[in-house]
Colleague: 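For reference, the structure I am asking about is given below.
The sequence lines fix the lettering, A, B, ..., with proteins before strands; numbering per chain opens at 1.
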Protein chains: 2
Amino acid sequence: MRYGIGALSRDTGCNIETIRYYERIGLLPEPPRSAGGHRTYAAEHTRTLDFILRARTMGFSLAEIRRLLSLSEAEAPCDDVQAMALTHISAIRNRIAELEQLAATLQNATNRCAGNSAPHCPVIDTLFDDAKSA
Amino acid sequence: MRYGIGALSRDTGCNIETIRYYERIGLLPEPPRSAGGHRTYAAEHTRTLDFILRARTMGFSLAEIRRLLSLSEAEAPCDDVQAMALTHISAIRNRIAELEQLAATLQNATNRCAGNSAPHCPVIDTLFDDAKSA
DNA sequence: CTACAATCCGTAGCGGCTACGGATTCAAGT
DNA sequence: ACTTGAATCCGTAGCCGCTACGGATTGTAG
């Protein structure tokens, strides 16, 4: 029925310190305490924490998750949530494009120094001299 | 010949505070000072700072850049640099794969709520219920 | 009732900056 | 030479999302 922070941590895979952190910043509701002051959680908390963790792996910031959580309690959140998700998707796609550009540039440079032990390194040159980076 | 931190900032596009920060953590060499204590830079510093900034846009951490800088002064750095670059490339590719998975999952969820103003939101559901996320 | 595990809390650190603010110092104009 | 206003000085603290530390208390099984 009720369990401690250790059990919640094991169930969700979330670090104990992180659970307390989420509570401190108001993401996770404050659970009731035992007589001695220990936090006592129930299924509700596990559910919310799982939500937070999944949203994190989706790349949402804690501020965004805060909004998602409050939207999840609202009447008709679908439009708002969809808007957030779409914004997020385009941010992700932009990031992917940047990273692909990066990988290509680096790959290009490393190709030029493959099997080469010479003192003059193409990768270093790429970093020193912008002209070669394309 | 010699110029102040403001000029270096303008030349490189790097924030003044960031320049001082890089000096503080030992990335950028300490420049000579004027009689009154102002930093006086020369082309050498601009070159190094450009290197750092380009390495940053390549996604190298400051710790990695520190290594790259010291390698750039070594005799035959090519092998070591290439190893770092290859490691970095594979990290980037992994990150891209993660992001693509993310975008796909989110896209999937948003598609299911497109044009839908109903109170029951598929994106929220995806976050609450792992089973639907695939 | 004794051990020993679990949990408590506050504080400080990480990376990579960015911002603030009061005290200088510099460069240009007169 | 002197004044003014911009530039720079420095230290400190804040941002995010945790993570680690450590000494004091509680909880629980034998």
Side-chain angles (χ1 to χ4, degrees), chain A residues 1-28 30-42 45-46 48-69 88 91 95 98 102, chain B residues 1-28 30-42 45-46 48-69 88 91 95 98 102:
Chain A
M1 203 79 251
R2 293 247 145 222
Y3 37 88
I5 199 170
L8 180 59
S9 170
R10 278 185 296 279
D11 289 354
T12 58
C14 184
N15 206 309
I16 290 182
E17 326 277 26
T18 307
I19 295 173
R20 283 202 284 255
Y21 171 71
Y22 286 162
E23 179 183 325
R24 213 162 54 237
I25 65 171
L27 262 194
L28 209 52
E30 293 184 23
R33 303 287 189 124
S34 72
H38 287 199
R39 292 166 178 84
T40 60
Y41 295 98
H45 298 93
T46 301
T48 303
L49 184 50
D50 278 339
F51 180 99
I52 294 169
L53 295 176
R54 274 197 280 271
R56 285 292 296 137
T57 67
M58 298 280 164
F60 286 102
S61 71
L62 296 185
E64 286 169 323
I65 293 172
R66 201 186 299 272
R67 277 202 46 204
L68 286 172
L69 278 169
H88 197 60
R95 185 71 186 131
E98 283 174 15
L102 240 72
Chain B
M1 203 79 255
R2 293 249 145 219
Y3 38 88
I5 199 169
L8 181 59
S9 171
R10 277 187 294 280
D11 289 354
T12 59
C14 183
N15 205 310
I16 289 183
E17 326 277 23
T18 306
I19 295 174
R20 284 201 284 255
Y21 171 71
Y22 286 163
E23 179 183 324
R24 213 162 54 236
I25 65 170
L27 261 194
L28 209 52
E30 293 184 24
R33 303 287 188 123
S34 72
H38 286 200
R39 293 166 178 83
T40 59
Y41 295 98
H45 298 94
T46 301
T48 303
L49 184 51
D50 277 339
F51 180 100
I52 294 170
L53 296 175
R54 273 196 281 270
R56 285 293 295 136
T57 66
M58 297 282 161
F60 286 101
S61 70
L62 296 185
E64 287 170 322
I65 293 172
R66 202 186 298 274
R67 281 232 310 148
L68 286 173
L69 278 170
H88 196 61
R95 184 74 186 127
E98 283 174 15
L102 239 74

Colleague: Report yes if a side-chain nitrogen or oxygen of B/R20 is closer than 4.0 Å to either non-bridging phosphate oxygen (OP1 or OP2) of D/dC10; otherwise report no.
Modeller: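 So the side chain of B/R20 is outside the cut-off, no N or O lying under 4.0 Å from OP1 or OP2 of D/dC10.
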
Colleague: Output the single nucleotide from C/dT7, D/dC18, D/dT26 whose closest atom is nearest the side chain of A/S34.
Modeller: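 When the side chain of A/S34 is considered, D/dT26 is the closest of C/dT7, D/dC18, D/dT26.
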
Colleague: Could you give the CZ-to-P distance, from B/R39 to C/dT25, as a whole number of Å?
Modeller: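 Nearest whole value for this atom pair: 14 Å.
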
Colleague: Rounded to the nearest angstrom, tell me the gap between atom CD in A/E30 and atom P in C/dC9.
Modeller: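 Taking CD of A/E30 and P of C/dC9, I get 10 Å after rounding.
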
Colleague: Taking side chain as C-beta onward, heavy atoms only, is B/Y21 less than 4.5 Å from B/L27?
Modeller: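 No, every pair of side-chain atoms sits at 4.5 Å or beyond.
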
Colleague: Starting from C1' on D/dC9, measure out to CD1 on B/I16 and report it in whole angstrom.
Modeller: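 In whole Å, D/dC9 C1' and B/I16 CD1 are 11 Å from each other.
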
Colleague: Quickly work out the B/H38 NE2 to D/dC9 C1' distance and round it to whole Å.
Modeller: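 Value for this atom pair: 6 Å.
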
Colleague: Can you tell me which nucleotide in D/dT19, C/dG16, D/dC10 comes closest to the side chain of A/E17?
Modeller: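 The answer is D/dT19.
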
Colleague: Could you check B/A7 against A/A63 and say which one's nearest nucleotide on DNA chain D is further toward the 5' end?
Modeller: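 The residue whose closest nucleotide sits nearer the 5' end is B/A7.
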
Colleague: With side-chain contact (heavy atoms from CB on, under 4.5 Å) as the criterion, how do B/I52 and B/T12 come out once you've worked through the C-alpha distance, each side chain's angles and the decisive distance to 0.1 Å?
Modeller: CA-CA 10 Å; B/I52 294 170; B/T12 59; over 6 Å; no

Colleague: Rounded to the Å, how far apart are A/Y22 OH and D/dC16 P?
Modeller: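 From A/Y22 OH to D/dC16 P: 14 Å.
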
Colleague: Considering only D/dC9, D/dG17, C/dC8, which nucleotide approaches the side chain of A/R56 most closely?
Modeller: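 When the side chain of A/R56 is considered, D/dG17 is the closest of D/dC9, D/dG17, C/dC8.
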
Colleague: Atom CD1 of A/I5 and atom CD1 of A/I19: how far apart are they, to the nearest 0.5 Å?
Modeller: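 These two atoms lie 5.0 Å from each other.
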
Colleague: Would you say A/R33 places a side-chain N or O within less than 4.0 Å of OP1 or OP2 belonging to C/dC9?
Modeller: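 For C/dC9, OP1/OP2 do have a side-chain N/O of A/R33 under 4.0 Å.
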
Colleague: Rounded at 0.5 Å granularity, tell me how far CG in B/D50 sits from CG in B/L8.
Modeller: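 Those atoms lie 8.5 Å apart.
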
Colleague: Atom CD1 of B/I25 to atom P of C/dC14: distance rounded to whole Å?
Modeller: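 Computing the B/I25:CD1 to C/dC14:P distance gives 12 Å.
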
Colleague: Picking from D/dT19, D/dG17, C/dC17, which would you name as closest to the side chain of A/R24?
Modeller: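 The listed nucleotide nearest to A/R24's side chain is D/dT19.
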
Colleague: Under 4.0 Å from OP1 or OP2 of D/dT19: is there any side-chain N or O of A/T18 that close?
Modeller: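 Yes, because at least one side-chain N or O of A/T18 sits under 4.0 Å from OP1 or OP2 of D/dT19.
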
Colleague: Between C1' on D/dG17 and CD on A/E23, what's the gap in Å once rounded to a whole number?
Modeller: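 Taking CD of A/E23 and C1' of D/dG17, I get 17 Å after rounding.
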
Colleague: Looking only at side-chain N and O atoms, does B/R2 come under 4.0 Å of OP1 or OP2 in C/dC26?
Modeller: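 For C/dC26, neither OP1 nor OP2 has a side-chain N or O of B/R2 closer than 4.0 Å.
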
Colleague: Go through C/dC8, D/dT8, C/dG16 for me and flag the one nearest to the B/Y21 side chain.
Modeller: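 The answer is C/dG16.
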
Colleague: How close or far is atom P of D/dG27 from atom CD1 of A/I5, stated in whole angstroms?
Modeller: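 Rounding to the nearest Å, CD1 of A/I5 and P of D/dG27 are 14 Å apart.
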
Colleague: Do B/H38 and B/R33 make a side-chain contact, defined as non-hydrogen atoms from C-beta onward lying under 4.5 Å apart?
Modeller: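 B/H38 vs B/R33: side chains apart.
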
